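Data first, discussion second: the structure below is written as structure tokens.
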Amino acid sequence: MGESFKFNHHHFLTSLLVIIAMLKSVHTTTTTNTEFVKSSCTFTTYPRLCFSSLSTHASLIQTSPKIMAHAALNITLASAKATSAMMVRLSNNRLKPREVSAMRDCVEELGDTLEELRKSIGEMCRLSGSNYEVYMSDIQTWVSAALTDVNTCTEGFEGDDMDGKVKVLVRRRILVIAHLTSNALALINHFASIHG
């Protein structure tokens, strides 16, 4: 009990400087990762959407174009799944037969989109060595097809005989998926161009 605590200023200052350096390093890394996402998004048609959808994943993406393209595909897949589920719920409401038909057609197109995105995500995991070009070609083809499917979905909602609220809601959600898909394809193409 007779021991007294002796404050060591040198030890304290050294520890404080180490902590400050670590925090600065973490901040610099986070800034670098976020800047990488922002600069990569300039290769897309919808850079704001690209950045807002991917910046929260900057610590995972770091400075990897491959991981960024992979993340973009996963975000697009999640959005398409959520929209498809919403449309299934909407089609169970009291809608005109034409609206129900358009909704079912769109859900079918989104089903194709989901499958193409899933296959692309699977192939992204296999990108390597001698098969790289084959896998990349498959991914580009499937994501392009997914974009076509999403765009086809909106065609069923054209015309004046559709309910305005349903039409606006569905088209808005489908447009987001189309833009996310377009961005994912641009990031895939950018990755392919710097890898090949």
Side-chain angles (χ1 to χ4, degrees), residues 26-87 89-90 103 106-107 109-125 127 136 139-158 162 164-196:
V26 167
H27 175 71
T28 302
T29 302
T30 302
T31 301
T32 301
N33 296 343
T34 303
E35 285 302 315
F36 172 78
V37 170
K38 189 174 190 172
S39 67
S40 296
C41 284
T42 63
F43 296 105
T44 69
T45 306
Y46 309 99
R48 278 194 209 132
L49 177 63
C50 176
F51 184 72
S52 68
S53 65
L54 291 166
S55 62
T56 57
H57 304 283
S59 63
L60 169 71
I61 294 167
Q62 297 178 5
T63 58
S64 169
K66 180 181 179 182
I67 295 172
M68 185 156 173
H70 200 266
L73 284 171
N74 280 296
I75 289 165
T76 305
L77 177 66
S79 181
K81 278 183 187 177
T83 298
S84 182
M86 177 210 66
M87 291 180 70
R89 285 189 308 274
L90 269 177
M103 203 73 80
C106 193
V107 167
E109 292 290 340
L110 283 177
D112 292 343
T113 296
L114 293 171
E115 182 59 27
E116 290 149 354
L117 291 171
R118 283 187 191 106
K119 288 192 297 190
S120 298
I121 289 166
E123 291 290 273
M124 284 292 288
C125 296
L127 279 177
M136 182 53 75
I139 292 166
Q140 290 168 318
T141 299
W142 290 327
V143 177
S144 293
L147 185 55
T148 300
D149 292 335
V150 170
N151 287 328
T152 301
C153 176
T154 61
E155 291 171 6
F157 292 92
E158 293 174 356
M162 299 293 283
K165 290 177 187 173
V166 171
K167 182 178 177 177
V168 168
L169 175 65
V170 170
R171 291 190 82 167
R172 185 180 311 134
R173 293 287 293 264
I174 295 300
L175 195 62
V176 169
I177 297 169
H179 291 178
L180 287 170
T181 306
S182 171
N183 284 348
L185 183 58
L187 293 170
I188 289 164
N189 290 339
H190 176 67
F191 170 62
S193 74
I194 59 174
H195 185 274

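Note that the structure is predicted; figures quoted are calculated from it, not measured.
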Identify the heavy atoms of [X] and [Y] that sit nearest to each other, and give their distance.
{"X": "L187", "Y": "S40", "answer": "CD2-O, 3.6 Å"}
{"X": "C41", "Y": "P47", "answer": "O-CB, 3.4 Å"}
{"X": "S64", "Y": "I67", "answer": "OG-N, 3.1 Å"}
{"X": "H70", "Y": "C125", "answer": "NE2-SG, 3.6 Å"}
{"X": "P65", "Y": "F36", "answer": "N-CZ, 3.7 Å"}
{"X": "S182", "Y": "T45", "answer": "OG-OG1, 3.8 Å"}

Spacing of [X] atom [atom1] and [Y] atom [atom2] [to the nearest 0.5 Å]:
{"X": "M68", "Y": "F191", "atom1": "CE", "atom2": "CZ", "answer": "13.0 Å"}
{"X": "M124", "Y": "I121", "atom1": "CE", "atom2": "CD1", "answer": "9.0 Å"}
{"X": "T44", "Y": "L49", "atom1": "OG1", "atom2": "CG", "answer": "8.0 Å"}
{"X": "T56", "Y": "I61", "atom1": "OG1", "atom2": "CD1", "answer": "8.0 Å"}

(message) Check this for me: K38, atom NZ, are more than 12 non-hydrogen atoms of other residues, nucleotides or ligands nearer than 6.0 Å?
(response)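 Not buried by this count: 12 neighbours or fewer within 6.0 Å.
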(request) Using a 4.5 Å cut-off on heavy atoms from C-beta on, say whether the side chain of L175 contacts that of T154. (result)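 Contact flag for T154/L175 side chains = no.
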(message) If you define the side chain from C-beta out and look only at heavy atoms, does anything of M87 sit under 4.5 Å from I174?
(response)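 In short, these two side chains touch, coming nearer than 4.5 Å.
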(message) Against D112, only a single residue in L117, D149, V150 fulfils side chain to side chain contact (heavy atoms under 4.5 Å, CB included); can you say which?
(response)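 So, applying the side chain to side chain contact (heavy atoms under 4.5 Å, CB included) to D112 and each of L117, D149, V150, only D149 qualifies.
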(request) For E116 and A146, indicate whether the former's side chain and the latter's backbone hold a donor-acceptor pair under 3.5 Å. (result)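 Here the side-chain-to-backbone pair exists.
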(request) Please check if any side-chain donor atom of N183 sits under 3.5 Å from a side-chain acceptor atom of H179, or the reverse. (result)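 Short answer, no.
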